[in-house]
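Below is one structure; the comments refer to it alone.
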Amino acid sequence: MSKILYTAKATAEGGREGSVKTDSETLDLDLAMPSSLGGEDKTGATNPEELFAAGYAACFDSALQLAASQAKKEITSRVSSEISIGKQTDGLGLSAKLHVDIEGVTQEEAEELVEKAHNLCPYSKATRGNMEVDLETTTK
(Lines give C-alpha, C1' and ligand atoms only; values in the text may rest on other atoms or scores of the structure.)
Protein backbone atom coordinates (compact mmCIF):
# COMPACT_ATOMS: atom_id res chain seq x y z
CA MET A 1 0.00 0.00 0.00
CA SER A 2 1.58 3.26 -1.06
CA LYS A 3 -0.35 5.57 1.26
CA ILE A 4 -2.51 4.62 4.25
CA LEU A 5 -5.59 6.85 4.48
CA TYR A 6 -7.24 5.39 7.57
CA THR A 7 -6.64 2.61 10.07
CA ALA A 8 -9.43 1.07 12.14
CA LYS A 9 -8.33 -0.52 15.39
CA ALA A 10 -10.21 -3.16 17.35
CA THR A 11 -9.32 -5.57 20.12
CA ALA A 12 -10.97 -8.91 20.78
CA GLU A 13 -10.74 -10.81 24.06
CA GLY A 14 -12.05 -14.29 24.70
CA GLY A 15 -12.44 -15.31 21.06
CA ARG A 16 -15.93 -16.15 19.85
CA GLU A 17 -17.26 -16.17 23.43
CA GLY A 18 -15.67 -12.89 24.48
CA SER A 19 -15.97 -9.30 23.36
CA VAL A 20 -14.69 -6.90 20.75
CA LYS A 21 -14.11 -3.18 21.15
CA THR A 22 -12.83 -0.52 18.79
CA ASP A 23 -10.24 1.98 19.94
CA SER A 24 -12.71 4.76 19.07
CA GLU A 25 -15.17 3.08 21.47
CA THR A 26 -17.85 3.29 18.77
CA LEU A 27 -18.25 -0.48 18.99
CA ASP A 28 -18.14 -2.38 22.26
CA LEU A 29 -19.84 -5.71 21.65
CA ASP A 30 -20.24 -9.07 23.32
CA LEU A 31 -19.52 -12.08 21.13
CA ALA A 32 -21.23 -15.46 21.17
CA MET A 33 -20.81 -18.60 19.13
CA PRO A 34 -23.93 -19.30 17.04
CA SER A 35 -25.84 -22.41 18.06
CA SER A 36 -25.17 -23.93 14.62
CA LEU A 37 -21.47 -23.90 15.54
CA GLY A 38 -22.04 -25.42 18.97
CA GLY A 39 -22.62 -22.27 20.98
CA GLU A 40 -25.66 -20.55 22.44
CA ASP A 41 -27.54 -17.80 20.64
CA LYS A 42 -27.17 -15.05 23.23
CA THR A 43 -29.43 -12.02 22.92
CA GLY A 44 -27.46 -8.86 22.23
CA ALA A 45 -24.28 -10.69 21.21
CA THR A 46 -22.79 -10.81 17.72
CA ASN A 47 -20.11 -12.84 15.97
CA PRO A 48 -17.29 -12.26 13.49
CA GLU A 49 -19.43 -13.28 10.52
CA GLU A 50 -22.10 -10.68 11.33
CA LEU A 51 -19.44 -8.01 11.70
CA PHE A 52 -17.88 -9.01 8.37
CA ALA A 53 -21.32 -9.02 6.70
CA ALA A 54 -22.05 -5.50 7.95
CA GLY A 55 -18.70 -4.15 6.82
CA TYR A 56 -18.86 -5.80 3.40
CA ALA A 57 -22.41 -4.54 2.74
CA ALA A 58 -21.51 -0.95 3.68
CA CYS A 59 -18.25 -0.96 1.72
CA PHE A 60 -19.85 -2.52 -1.36
CA ASP A 61 -22.70 0.01 -1.33
CA SER A 62 -20.14 2.83 -1.23
CA ALA A 63 -18.27 1.30 -4.16
CA LEU A 64 -21.57 0.97 -6.02
CA GLN A 65 -22.33 4.65 -5.45
CA LEU A 66 -18.86 5.52 -6.79
CA ALA A 67 -19.38 3.31 -9.87
CA ALA A 68 -22.75 4.97 -10.52
CA SER A 69 -21.23 8.43 -10.12
CA GLN A 70 -18.44 7.58 -12.56
CA ALA A 71 -21.08 6.33 -15.04
CA LYS A 72 -23.12 9.51 -14.46
CA LYS A 73 -26.10 7.48 -13.23
CA GLU A 74 -28.31 8.48 -10.34
CA ILE A 75 -29.34 5.45 -8.33
CA THR A 76 -30.78 4.43 -5.03
CA SER A 77 -29.29 1.23 -3.70
CA ARG A 78 -29.41 -1.28 -0.90
CA VAL A 79 -26.86 -4.02 -0.31
CA SER A 80 -27.50 -7.01 1.93
CA SER A 81 -24.62 -9.33 2.67
CA GLU A 82 -24.64 -12.96 3.78
CA ILE A 83 -21.39 -14.34 5.16
CA SER A 84 -21.40 -18.10 5.64
CA ILE A 85 -18.89 -20.23 7.49
CA GLY A 86 -18.55 -23.87 6.60
CA LYS A 87 -16.33 -26.87 6.22
CA GLN A 88 -13.71 -27.06 3.51
CA THR A 89 -11.13 -29.75 2.79
CA ASP A 90 -8.54 -27.85 4.85
CA GLY A 91 -10.79 -26.78 7.75
CA LEU A 92 -13.31 -23.95 7.95
CA GLY A 93 -13.81 -21.28 5.31
CA LEU A 94 -16.07 -18.38 4.41
CA SER A 95 -18.30 -17.53 1.47
CA ALA A 96 -20.30 -14.42 0.68
CA LYS A 97 -23.50 -13.58 -1.14
CA LEU A 98 -24.31 -9.96 -1.87
CA HIS A 99 -27.91 -9.03 -2.68
CA VAL A 100 -27.83 -5.69 -4.49
CA ASP A 101 -31.09 -3.82 -5.09
CA ILE A 102 -30.81 -0.81 -7.40
CA GLU A 103 -33.41 1.72 -8.44
CA GLY A 104 -32.97 4.19 -11.30
CA VAL A 105 -31.36 2.04 -14.03
CA THR A 106 -32.20 -0.95 -16.20
CA GLN A 107 -31.31 -4.50 -15.13
CA GLU A 108 -28.42 -4.56 -17.61
CA GLU A 109 -27.05 -1.23 -16.34
CA ALA A 110 -27.46 -2.40 -12.75
CA GLU A 111 -25.47 -5.57 -13.43
CA GLU A 112 -22.71 -3.52 -15.08
CA LEU A 113 -22.57 -1.18 -12.07
CA VAL A 114 -22.42 -4.13 -9.67
CA GLU A 115 -19.48 -5.63 -11.61
CA LYS A 116 -17.69 -2.27 -11.53
CA ALA A 117 -18.38 -1.97 -7.80
CA HIS A 118 -17.01 -5.49 -7.29
CA ASN A 119 -13.76 -4.34 -8.90
CA LEU A 120 -13.63 -1.14 -6.81
CA CYS A 121 -14.68 -2.41 -3.38
CA PRO A 122 -11.74 -3.01 -0.99
CA TYR A 123 -13.59 -5.96 0.62
CA SER A 124 -14.10 -7.55 -2.81
CA LYS A 125 -10.43 -7.02 -3.61
CA ALA A 126 -9.40 -8.60 -0.29
CA THR A 127 -11.61 -11.65 -0.78
CA ARG A 128 -10.96 -12.17 -4.52
CA GLY A 129 -9.42 -15.58 -5.05
CA ASN A 130 -9.74 -16.37 -1.35
CA MET A 131 -13.44 -17.10 -1.01
CA GLU A 132 -16.53 -17.53 -3.15
CA VAL A 133 -18.53 -14.32 -3.63
CA ASP A 134 -21.91 -14.52 -5.36
CA LEU A 135 -23.52 -11.33 -6.65
CA GLU A 136 -27.29 -11.07 -7.03
CA THR A 137 -28.61 -7.92 -8.71
CA THR A 138 -32.23 -6.79 -8.82
CA THR A 139 -33.87 -3.56 -9.98
CA LYS A 140 -37.08 -1.85 -9.01
Side-chain angles (χ1 to χ4, degrees):
M1 198 173 312
S2 63
K3 182 180 178 185
I4 294 174
L5 302 175
Y6 172 73
T7 300
K9 297 179 184 178
T11 303
E13 293 182 7
R16 289 180 169 271
E17 295 292 333
S19 64
V20 65
K21 182 178 185 177
T22 57
D23 283 12
S24 68
E25 298 183 7
T26 303
L27 293 177
D28 186 355
L29 303 169
D30 290 330
L31 300 172
M33 181 91 68
S35 60
S36 63
L37 296 177
E40 296 179 22
D41 293 322
K42 295 180 185 171
T43 303
T46 190
N47 59 63
E49 292 72 35
E50 285 184 336
L51 295 169
F52 188 8
Y56 202 168
C59 189
F60 196 90
D61 196 34
S62 288
L64 181 60
Q65 293 298 322
L66 176 60
S69 175
Q70 290 174 343
K72 302 202 183 326
K73 303 284 183 183
E74 287 197 28
I75 64 166
T76 302
S77 60
R78 178 180 174 177
V79 177
S80 299
S81 173
E82 296 177 23
I83 300 297
S84 299
I85 187 169
K87 292 182 180 181
Q88 296 180 319
T89 55
D90 61 349
L92 294 177
L94 299 175
S95 67
K97 181 179 260 189
L98 301 178
H99 304 274
V100 185
D101 296 316
I102 302 176
E103 190 174 329
V105 293
T106 66
Q107 180 68 31
E108 182 179 335
E109 291 170 321
E111 290 172 4
E112 288 174 8
L113 290 174
V114 166
E115 280 302 317
K116 287 180 183 175
H118 194 43
N119 288 319
L120 292 169
C121 176
Y123 275 66
S124 291
K125 289 179 182 180
T127 60
R128 191 167 289 118
N130 296 310
M131 64 185 263
E132 183 181 323
V133 178
D134 291 325
L135 304 172
E136 180 182 280
T137 306
T138 57
T139 58
K140 294 182 180 185

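Please read these numbers as outputs of a predicted model, since none were measured by experiment.
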Solution key, residues 87-97 side-chain donor-acceptor pairs under 3.5 Å, sequence neighbours excluded:
none

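- Contacts classified as ring-ring contact (aromatic ring centres under 6.0 Å, His included) and involving residues 65-90 (residues at least two apart or in different chains) are not found.
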For a quick test of your reading: what N or O donor-acceptor pairs under 3.5 Å do the side chains of residues 64-76 make, sequence neighbours left out?
residue	atom	partner	partner atom	Å
Gln65	NE2	Ser77	OG	2.6
Lys73	NZ	Glu109	OE2	2.8

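- Evaluation of the salt bridge (charged side-chain N to carboxylate O under 4.0 Å, His left out) rule for Lys42 yields Glu17 as partners, not counting sequence neighbours.
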Q.
side-chain contact (heavy atoms from CB on, under 4.5 Å), that's the test. Do Leu98 and Asp134 meet it? Break it down for me.
A. CA-CA 6 Å; Leu98 301 178; Asp134 291 325; over 6 Å; no
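- Summarising the geometry of Ala110 relative to Thr137, their closest heavy-atom pair is CB-CG2, 3.7 Å, with the distance given to 0.1 Å.
- When atom types are taken as modelled, the side chain of Asp41 and the backbone of Ser35 share a donor-acceptor pair closer than 3.5 angstrom.
- Leu51 and Leu37 are assigned to two separate hydrophobic clusters, defined by single-linkage of ILVMFWY side chains at heavy-atom distances under 4.5 Å.
- For the side-chain hydrogen bond (donor to acceptor under 3.5 Å, both in side chains) with Thr139, the qualifying choice from Glu103, Glu111, Gln107 is Gln107, the only one to do so.
- A search for side-chain hydrogen bond (donor to acceptor under 3.5 Å, both in side chains) contacts involving Glu50 returns Thr46, not counting sequence neighbours.
- Atoms CD and NE2, on Glu82 and His99 in that order, are 3.5 Å from each other to the nearest 0.5 Å.
- Within 6.0 Å of CD on Glu40 lie no more than 12 heavy atoms contributed by other residues, nucleotides or ligands.
- Heavy atoms from other residues, nucleotides or ligands lying under 6.0 Å from CZ of Arg128 number more than 12.
- Residue pairs meeting the ring-ring contact (aromatic ring centres under 6.0 Å, His included) criterion with at least one partner in residues 69-94, sequence neighbours excluded, are absent.
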Could you list the donor-acceptor pairs under 3.5 angstrom formed by side chains in residues 112-122, with sequence neighbours left out?
residue	atom	partner	partner atom	Å
His118	ND1	Ser124	OG	2.8
Asn119	ND2	Glu115	O	3.3

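- Judged purely by distance below 3.5 Å, without hydrogens or angles, the side chains of Ser19 and Glu13 never pair a donor atom with an acceptor atom.
- Applying the side-chain contact (heavy atoms from CB on, under 4.5 Å) criterion to Ile4, with sequence neighbours excluded, gives Met1, Thr7.
- Every residue meeting the salt bridge (charged side-chain N to carboxylate O under 4.0 Å, His left out) condition with Arg16, not counting sequence neighbours, appears here in chain and number order: Glu49.
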Run the side-chain donor-acceptor check on residues 24-33: report pairs under 3.5 Å with partners two or more places apart or on a different chain.
residue	atom	partner	partner atom	Å
Ser24	OG	Thr22	OG1	3.2
Ser24	OG	Thr26	N	3.3
Ser24	OG	Thr26	OG1	2.9

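- In this view, Asp101 and Thr138 satisfy the side-chain hydrogen bond (donor to acceptor under 3.5 Å, both in side chains) rule, not counting sequence neighbours.
- Applying the ring-ring contact (aromatic ring centres under 6.0 Å, His included) test to every pair with at least one member in residues 121-140, sequence neighbours left out, gives these pairs: Phe52-Tyr123, Tyr56-Tyr123.
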